[in-house]
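Have a look at the structure below, then the notes.
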Amino acid sequence: MNQLLSSKRPFCTLSGVSGVVGVVLLALSFATAIAPPADAKYAELVKFGQEHYRSILWGAWLQAVGPVLIVVFALALVHLAGAAVRLAGWMTLFGATVLMTVSLIEITFYITALFPDPTVTPLMSLRVIYAVQHLYFVVAAPALFLPLGIVLIGSRVLPRVFGYLALLLAATFAGLGVAFMLTLILPTRVTAFAGVQALWWLAAAITLIIRAEKISDSGGFICSTWGRKTFMKEFQGKVAVITGAASGIGRALAERCVAEGMNVVLADIEGATLEKAESELTRGGGTVLSVRTDVSRRSRVEALACKTVDAFGQVHLLFNNAGVAAGGAPWEATWNDWEWVLGVDLWGVIHGVKVFTPIMLAQNTECHIVNTSSAAGLMAGGFSAPYTVVKHGVVALSESLYLALQQRNSAVKVSVLCPGPVRTDIGNTERHRPEELRNEPVPMTPEREARRAAFTAVMEKTGIPPARVADAVFDAIQKEQFYIFTHPEWIEVIQLRTDRLLRMENPESPAATVAKLLHLGEVQ
């Protein structure tokens, strides 16, 4: 079923065919319908039923199956418009239920009128039919066409004119139903108006079949823009997956997700800290699942996705946040440094994107992916070549992902987080390094100790709390903003690189500008 829903061309075609066949069956039921005389007496009705037995049952069968197929088509339109789980979807389901109930009652009592039961008079059966006809005009038709009009106007499943016409039909049916509420038998000119809707269903179904290939080529369901911003302002009950969630920015994101009422999946490689985070967030009222995960290994990220879906069914927010730092100049960084940092900081994001994006696309709901890079991913140089390389790679990956999803009109959005100094434990990530990738022990010289102390002092002096980063991230999600800068003043450093790039000048170290921003004095 999921495969069918993900493959939009056959889904659109089958849905359109369902609508066409439904209209044809209804048209046949009306074309072949044989009505008894309006003033027929009991004996005449019985005789009429006996003479036209086969025709009556054939017409009843057509009138039963036709609405079912039309209802399937209506629900498919709402699904394609991305509103199946919103109010419009429930309204459509309600209208469809009333329509089916009305159709069933009408058929049942019509047959009863012609083949009367001793306990039910034919005239009573006919009066019930007249009552449900009023019910169709006042409730069923408006409840079906109103949500269809809303979602079709705000989407590109069908041309917008279909949405406006659906709203017009909803208002007209409701108006006619109320106007003739006290009339026992609806006038012929009023009931004939029901035939107008058949033209709408037929035109909409044929149009969907014609547009099936175009919709398929778009790569994603053509989701409704009606209320699109609403989801990202209301996170209650949604599901978030956070890597590197046990501390730092990841922990702050988890706390914000819990505060928003989300179901949160914490992923981290450090088991004890992860369990502590889960315990504390759960005590704070959160619905939290912790999964120990090494993001550098694809199988572990796949297992993370499986456990998330098994526990919560869906994924709405993905924070590819896990990161480590090591190394120095490109030739000084060891092979282990390169392999470790690329494995976690770049391959970890690649694994998250590759594993979770298809899940999000298949959900047909609004989702958001946030990849954590760094200000180092947008400027020249850096204290660590492996770290700078991977952070530039995360920015490029995120831009590529954003554009690819945008071209497919996808409801999955993307942001890249490029923070400046944040008070995290990034300088102490060696404890996470796998044994097989550890370097030979290096004596702690006074020079190395001084560099480490300076780094710690800078982070304490100029770093912002992780909670401020989480606030900036959620604000960006609500605005569907791609680049997230926690330190706007660092744009000066980014500008330094881009200006020299555009002038085709050689790179220049940003150390002096960075030192100025960090209030460290002049740096050689």
Side-chain angles (χ1 to χ4, degrees), residues 85 230-295 300-323 344 348-349 351-353 355-357 359-360 362-363 365-372 411-417 419 422 424-425 432 465-478 484 486:
V85 295
T230 303
F231 164 75
M232 288 305 168
K233 292 181 180 178
E234 298 294 337
F235 300 96
Q236 179 76 30
K238 305 303 178 184
V239 181
V241 177
I242 309 166
T243 65
S247 60
I249 294 175
R251 173 63 185 267
L253 289 170
E255 291 172 352
R256 177 60 186 268
C257 289
V258 168
E260 294 287 347
M262 302 186 71
N263 302 311
V264 185
V265 180
L266 309 176
D268 204 288
I269 198 171
E270 192 170 26
T273 310
L274 182 63
E275 291 176 4
K276 179 183 177 183
E278 179 186 22
S279 176
E280 292 175 351
L281 291 171
T282 301
R283 285 200 303 270
T287 302
V288 181
L289 170 68
S290 66
V291 182
R292 189 171 182 179
T293 307
D294 180 356
V295 297
R300 298 298 175 86
V301 177
E302 290 172 338
L304 171 65
C306 289
K307 291 180 180 179
T308 300
V309 174
D310 288 344
F312 299 113
Q314 290 185 311
V315 181
H316 301 96
L317 291 182
L318 170 65
F319 299 96
N320 288 311
N321 172 75
V344 176
V349 179
H351 290 153
V353 168
V355 171
F356 282 93
T357 304
I359 295 173
M360 291 178 163
Q363 287 174 181
T365 56
E366 298 228 6
C367 303
H368 208 107
I369 298 172
V370 180
N371 297 327
T372 299
V412 181
K413 302 303 177 184
V414 182
S415 296
V416 61
L417 172 61
V422 182
T424 68
D425 207 18
H432 300 315
R468 280 181 55 186
V469 179
D471 290 341
V473 169
F474 271 76
D475 182 62
I477 291 173
Q478 292 172 337
I484 308 175
T486 60

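When reading the values below, keep in mind they use all heavy atoms of this one structure, side chains included, and skip hydrogens, waters and symmetry mates.
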Euclidean distance, L317 CG relative to I477 CD1, rounded to 0.5 Å: 5.0 Å

Here the gap from I369 atom CD1 to F319 atom CZ, rounded to the nearest 0.5 Å, amounts to 11.0 Å

Would you say I269 and V344 make side-chain contact, with heavy atoms under 4.5 Å? no

What closest approach, in Å, do N263 and G237 show between heavy atoms, and which atom pair accounts for it? ND2-O, 3.5 Å

What's the verdict on side-chain contact (heavy atoms from CB on, under 4.5 Å) for V265 and K307, showing C-alpha distance, side-chain angles and the deciding distance? CA-CA 9 Å; V265 180; K307 291 180 180 179; over 6 Å; no

How close do I249 and P419 get, heavy atom to heavy atom, and via which atoms? CD1-CG, 4.3 Å

Any side-chain heavy atom of V473 sitting closer than 4.5 Å to one from R256? no

Correct closest heavy-atom pair for A252 and A467 would be CB-N, 3.8 Å

Any side-chain heavy atom of H351 sitting closer than 4.5 Å to one from V295? no

Beyond-backbone contact of T243 with T293, side-chain heavy atoms, under 4.5 angstrom: no

Does some side-chain heavy atom of I359 sit less than 4.5 Å from a side-chain heavy atom of T308? no

At what distance, to the nearest 0.5 angstrom, does CE of M360 lie from CD of E366? 12.0 Å

Apply side-chain hydrogen bond (donor to acceptor under 3.5 Å, both in side chains) to T357 and list each qualifying residue two or more places apart in sequence or on a separate chain. none

How close do N320 and G348 get, counting heavy atoms only, and between which atoms? OD1-O, 4.3 Å

Validation row: V264, L281 side chains within 4.5 angstrom (heavy atoms): no

Heavy atoms only: give me the nearest S415-I484 pair and the separation to one decimal. CB-CD1, 3.7 Å

Would you say the side-chain atoms of Q363 pair up with the backbone N or O of V315, donor to acceptor, closer than 3.5 Å? yes

Which atom of E270 lies closest to which atom of D268, heavy atoms considered: N-OD1, 3.0 Å

Taking side chain to side chain contact (heavy atoms under 4.5 Å, CB included) as the test, write out the residues that go with R468, two or more places apart. I464, P465

Nearest 0.5 angstrom please: L289 CG to L304 CG, how far? 8.5 Å

Any side-chain to backbone donor/acceptor pair from N321 onto T372? Under 3.5 Å, distance only. no

What is the distance from atom CG of L266 to atom NZ of K276, rounded to the nearest 0.5 Å? 14.0 Å

Do F474 and H368 touch side chain to side chain, with heavy atoms closer than 4.5 Å? no

How many angstroms lie between CZ in R292 and CZ in R300, if you round to the nearest 0.5 Å? 8.5 Å

Do F356 and C367 come close enough that some side-chain heavy atom pair is under 4.5 Å? no

